[in-house]
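Here is the structure we will look at, set down as structure tokens.
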Amino acid sequence: MIHDFAIVGCQHSHISMFIEAMLKAGHKCVGIYDCDPHVLAASLAEKYNIPLVQDADEIWNSSATIIGSSAINDEKIGIIEACCEYGKHIMLDKPIITNRDGLNRLEAVMNRERIQIGLMLTSRDKRSLYTLKQMINAGELGTLLSITMRKPHMLNPNSRQPWHFSKLQNGGIIMDLFIHDFDILGWLTGQEVASTSAVLAKTILPEYPDFYDVAAVQTILSGGVVAQLYADWHTPEKCWSYGDLRIFVTGTLGSAEIRLTGDPSVGQEEFLFTVMHARPFAKIPLRSVPSTVTEDFLHRIEGRPHEITHHDLLAACRAAVEADECAVIVRNNGM
């Protein structure tokens with residue numbers, strides 16, 4: 001099935017992944033709109049030969065049945081609500097909301113069951129994670145005991161818009177980065193978050209008083225799995241990737257490690273390693289992911305079998321909001 005789609009809100013280059021996936025599959029982009037087109041929209045319009053629209057009403061009244069958005073984070077929920085009113089499905093880059101009010105509004109739209117809402121949970125497109133998921137499902141690690149995710153990111157502050165450093169507009173490091181991790185926890189384990197504690201630390205950029213650069217979360221899942229999540233904005237600028245992202249999973253029969261952005265001492269593609277009671281350390285061949293996040297979203301729209309549901313999105317968003325709300329604040333270096 002071929003769909004017309006459009007972009008409303010274009011502040012982060014993540015949206016280019018959605019545009020490219022849709023165009024590659026033969027779908028047509030009828031326009032791209034942002035209130036400040038010179039940030040990114042104009043360049044993407046030129047790159048992909050998409051009409052640059054000056055008035056959002058042109059898109060709301062267009063043939064587009066799907067909207068993509070990488071708007072400023074706190075503006076996304078308003079775009080979702082507009083999509084619901086116009087009967088247009090929507091795919092967004094992360095995070096989808098920034099606070100409790102956004103969570104309540106998101107749940108209200110979902111409860112209307114008028115449109116499908118998608119989130120670019122691109123970690124699910126990783127072959128290493130998909131392979132690990134299949135191993136867990138097959139019981140190869142035994143009973144799961146703990147999951148640790150380490151997700152440092154590169155900041156490059158001079159390349160970012162001022163809204164990125166605003167807690168109100170951006171949502172902050174927990175909302176921005178841990179949305180992927182909370183989704184992965186639910187996906188790998190099939191369990192919900194039962195309890196959470198968190199820490200936010202500020203060590204840099206005093207000119208942005210509510211921008212926190214380090215976050216740590218510990219959570220207990222409903223089935224007893226203990227999870228530790230860590231993220232920061234301190235990846236060195238000479239790093240081979242935007243961050244050395246690693247996931248560690250321990251079970252009663254063995255453990256696994258994922259290196260999502262590779263390891264320059266070995267290679268720069270993603271890796272999955274295991275060590276078991278019954279067999280030694282091994283590099284595991286990676287399986288192909290049956291459908292990408294964008295393909296899965298289209299399957300959902302078309303009423304076909306799919307993996308990611310509104311329940312999954314809401315659970316991940318709720319977990320992030322609750323972790324953000326309970327976080328203890330630590331200020332270093334006189335911040």
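We're numbering straight along the sequence, starting at 1.
- Taking the charged nitrogens against the carboxylate oxygens, Lys94 and Asp183 have no contact shorter than 4.0 Å, which rules out a salt bridge.
- Annotation: Glu46, atom CD; neighbour count of heavy atoms from other residues, nucleotides and ligands within 6.0 Å does not exceed 12.
- No more than 12 heavy atoms of other residues, nucleotides or ligands sit less than 6.0 Å from atom CG of Asn49.
- No side-chain donor-acceptor contact under 3.5 Å links Thr261 to the backbone of Ser241.
- Using bins of under 30°, 30° to 60° and over 60° for the plane-to-plane angle, the ring pair Phe5/Phe18 lands in the perpendicular bin.
- At a threshold of 4.0 Å, the pair Arg100-Glu325 counts as salt-bridged, since one of the basic side-chain nitrogens sits closer than that to a carboxylate oxygen.
- Within a 6.0 Å sphere centred on CD of Glu307, heavy atoms belonging to other residues, nucleotides or ligands number 12 at most.
- Taking CG of Leu253 as the start and CE of Met135 as the end, the distance is 10.5 Å to the nearest 0.5 Å.
- Between the CZ atom of Phe273 and the OG atom of Ser255 there is a distance of 12.5 Å, given to the nearest 0.5 Å.
- Residues Leu313 and Leu121 meet the side-chain proximity criterion, which asks for heavy atoms closer than 4.5 Å.
- Atom CZ of Phe271 sits about 13.5 Å away from atom OG1 of Thr131, to the nearest 0.5 Å.
- A salt bridge links Glu257 to Arg246: one of the charged nitrogens lies within less than 4.0 Å of a carboxylate oxygen.
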For Gln228 and Thr148, what are the C-alpha separation, side-chain angles and deciding distance, and is it a side chain to side chain donor-acceptor pair (under 3.5 Å)?
CA-CA 5 Å; Gln228 301 85 26; Thr148 299; 2.5 Å; yes

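- No salt bridge links Glu107 with Arg112; every basic N to acidic carboxylate O contact stays at or beyond 4.0 Å.
- From His14, atom NE2 reaches atom CG of Leu40 across 11.0 Å, with rounding to the nearest 0.5 Å.
- Exactly one residue among Arg300, His299, Arg304 makes a side-chain hydrogen bond (donor to acceptor under 3.5 Å, both in side chains) with Glu302. That residue is Arg304.
- More than 12 heavy atoms of other shown residues, nucleotides or ligands fall within 6.0 angstrom of atom CD1 in Ile79.
- Taking 4.5 Å as the limit, every side-chain heavy atom of Glu192 sits out of range of all side-chain heavy atoms of Leu221.
- Here the CD1 atom belonging to Ile184 is positioned 11.5 Å from the OG1 atom belonging to Thr189, to the nearest 0.5 angstrom.
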Quick one, Asp213 with His234, criterion side chain to side chain donor-acceptor pair (under 3.5 Å). Give me CA distance, side-chain angles, the key distance, then yes/no.
CA-CA 8 Å; Asp213 49 289; His234 291 283; 2.6 Å; yes

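- For the atom pair NE2 of His3 and SG of Cys29, the computed distance is 14.0 Å after rounding to the nearest 0.5 Å.
- Proximity of a side-chain donor or acceptor of Asn156 to a complementary backbone N or O of Ser159 within less than 3.5 Å is not detected.
- Under 3.5 Å, the side chains of Asp210 and Tyr208 contain no donor-acceptor pair of N or O atoms.
- With a 4.5 Å cut-off on side-chain heavy atoms, His89 and Phe297 count as touching.
- Ion pairing between Lys76 and Asp93 holds under the 4.0 Å rule for side-chain N and carboxylate O.
- Inter-residue side-chain proximity for Trp233 and Ile173 is flagged as met; some heavy-atom pair is nearer than 4.5 Å.
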